[in-house]
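A quick write-up on the structure given underneath.
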Amino acid sequence: MTLHILNCFTCNARFGNLKTGMVCLLVETNQGLVIVDTGLGLDDYSNPTRFTQFFRVIMDMPFDPNEAAVNQVKRLGYKPEDVRHILLTHMHFDHCSGLADFPHAKVHVHQREYEVFTDKKILHWDEYAYNLRYIAHQPEFVLYDTVDSKWYEFNAIRLPFEPEMYFIPLHGHSHGHCGVAIKTPEGWFFHAGDAGAVYNDQVPAWLIKFVLGPHDQRLRSFMKTHPDVHVVNSHMFLEYFDKEKDRIAS
Ligand SMILES: [Zn+2]
């Protein structure tokens, strides 16, 4: 089993020292390659949506298509069509803009996330980060809403892959947001998506809760009691990727 950690979206604050990339995972499974979140796709680089353009104004983004997941997959020696499945923590632009770069992949996401993404109504500020353009190629979706397992103390939804994987519902940042837990030979890898900022001590807890939802403190406690689990959020400091770039669990 191989798990690559990719940075598919560098996005830095214009002020202060918050320089972050975005954790996307490429995992070899018994069903072919699985990607967890896509980052920005090629179409957003060549023809950015209004929201992406707005983000480029408020944030400092290198906007380098070499960061697109599909280009990183190729550099690792795979073909885009080797990617058979994409798991989405949620459907904000920076997590699913690259779906069309993998037209052969089935897209797995929580049902509530899909419903809110496709209902064309904006009832909450976070939904401005949704754009139906990212599914214009009409990928096949696999939707989940039934908790059927426990993963440690978290409610979990078993995903149909080996190695063992779960969606961990952590709703709040978006309606159907989920983390993804993956069993690796070195122990559990827990991608908690945008449900927290567990390595960030520069941003006050109230602001984290406002933007990312109610789970950050719980995730921090979980990390203390389970130091054997490798926990990440989507937006990690750039040093993390330097440290982990050769991480391959096999
Ligand atoms: Zn988000």
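In listed order, ligands and their atoms are each counted from 1.
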Check whether any side-chain heavy atom of V27 sits under 4.5 Å from a side-chain heavy atom of M165, and report yes or no. yes

Is there a side-chain contact between N200 and N233 in this structure, where contact means two heavy atoms from C-beta onward sitting under 4.5 Å apart? no

Between Y166 and F154, is the ring centre distance below 6.0 Å? no

Assess the pair H108 and F161: is the distance between their ring centroids shorter than 6.0 Å? yes

Got a sec: is D94 within less than 2.8 Å of the Zn ion (ligand 1) via an N/O/S atom? no

Relative to the Zn ion (ligand 1), which of the N, O or S atoms in H92 is the closest? ND1

Among the N, O or S atoms that D194 has, which is closest to the Zn ion (ligand 1)? OD2

If you round to 10 degrees, what value do you get for the angle at the Zn ion (ligand 1) between H90 atom NE2 and H173 atom NE2? 100°

